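Below is one structure, written out as structure tokens; the observations come after it.
Since the structure is predicted, the reported quantities are computational estimates derived from the model, not experimental observations. By convention in this document, chain letters (A, B, ...) are assigned in the order of the sequence lines, proteins followed by strands, and residues within each chain are numbered from 1.
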Amino acid sequence: MSDSPVTTHDPNADDTPAEASPQEQKKMEQAYAQMKRKMSMEEIGKKIKHKIMVLSGKGGVGKSTVSTGLALSLAQQGLSVGILDIDITGPNVPKMMGLDGQRLHVESGRIHPAKGHLGVKVISMAFLLDSEDTPVVWRGPIKLGAIQQFIGDVEWGNLDYLIIDFPPGTSDEPLTVAQSLPDIDGMVIVTTPQEVALLDSRKSITFSESLKLPVLGVVENMSGYTISGKAPPGSEIEIAAPAGKTLKATANDAGEFSVTLDIFKKGGGKSTAEEFGVPFLGALPFDPGFVRGGDDGVHRIVSEPEGPSAVAFAAIVAALQEQIVDDPGAGLEII
Amino acid sequence: MPTMSRFERRETDVLLTYADGSEFSVTYDDLRHSCPCAKCSPLRNEDEASKNLRRQVEALPKEKPKVRIVGNYALGFEWTQGCSSGIFRFERIWDLANRRDPDNGKPYVHGAW
């Protein structure tokens, strides 16, 4: 063999590559699927104008309520909206969206989301479970794969907003989404006013710094419970409130009165937002209608589109939209 | 607070121009010493730790940072060395420009760790 860098081709030689072993073939198929999914994620990123992550440090603060509320409130504006329920082990968005027991439609290897109230598209692990009592017991890597599939293999179509609902905490799920889905606008942190929830919310805020994603704002849920009633006009009513306080109200000329009980204290969300220098989007009242609506599958915004909770959500959405900019930094020259 | 219209990175400081025409300079050392992240902020609670942070910042090479816009409310700075985590609200930068304490004299308390 000469030292020439030029190679010659013998047309009579057998060039057929050796057949791949089943393991090699499987690896190649997996690599191909992974590559296809990655390309699909980038494509999805372009088709969805705005992507918003909804997080909380603590469980039970009403993240799914806020996620569904934001989605429905945006849909009320006539926008096309989707919700991605990333809470793999405790998915409850479908129930709140009236999609209990639904199954997803799969066509040509693409998953088609279910359509809930006001046409909001929904993808959730709940659609894949045999029954709602079936627990999902998965280790991290399997969860990660499922999340990537939920992002890359779903046929969302063109959306104005995708709301992504996470399980509580700052673990695998938000990290995976933040690293897989391009151009996320930022995150909304949900909290309740009490100190324990606030401590955990602060974790979520500092978590956003690690992910290099902006905090679009803090929402304080279960902020106050308003009691209304009737009494003789002009009469004074005293109500025993939490922490041994007494609240007083005077019935108006029509004999109506109302007082707001701050069941879990008040204003903590706002002060946390101020402390961290992130926007405060607003407070949502404690509304037992959410519990009933969640159980019955008729969201409060759907059953009472003009009610106090729908109004509060509309205000929060307006504040959120102010934080989302189509052209960040327009008008600011950086040299 | 007027809207920031220009952010000019110079050798050791940044020249800020606001929509009302006002101009301010903020040194990179001041900017880095006032980093609002959860790691740097507690270091400003005590005088000695704050001075120590200042010394560390001043020992870093003088460099122009990469600037990223965060939402429509803040800027983030990326340096080749030292902390790049902080998200600087425009209000915070305005305080620095006007030589005011951006922490408003309040000690930082966090529940993050």
*Side chains of B:Leu75 and A:Leu332: closer than 4.5 Å at any heavy-atom pair?*
yes
*asked:* What part of B:Leu15 gets within 4.5 angstrom of chain A, counting heavy atoms only: side chain, backbone, both, or neither?
replied: neither
_Greatest number of heavy atom pairs closer than 4.5 Å to chain A - which of B:Arg10, B:Glu8, B:Arg89, B:Met4_ = B:Arg89
*Who are the ring pair (Phe, Tyr, Trp, His ring centres under 6.0 Å) partners of B:Phe24, not counting sequence neighbours?*
B:Tyr18, B:Trp94
*Kindly check if the number of other-residue, nucleotide or ligand heavy atoms within 6.0 Å of NZ (B:Lys62) is above 12?*
yes
*Looking at residues at least two apart in the chain, or sitting in another chain, which of them share a ring pair (Phe, Tyr, Trp, His ring centres under 6.0 Å) with B:Phe88?*
B:Phe77
_So which atom in B:Arg6 and which in A:Ile335 form the shortest heavy-atom distance, rounded to 0.1 Å?_
NH2-CD1, 2.8 Å
_Quick check on B:Asp20: does its CG atom have over 12 non-hydrogen neighbours (other residues, nucleotides or ligands) under 6.0 Å away?_
yes
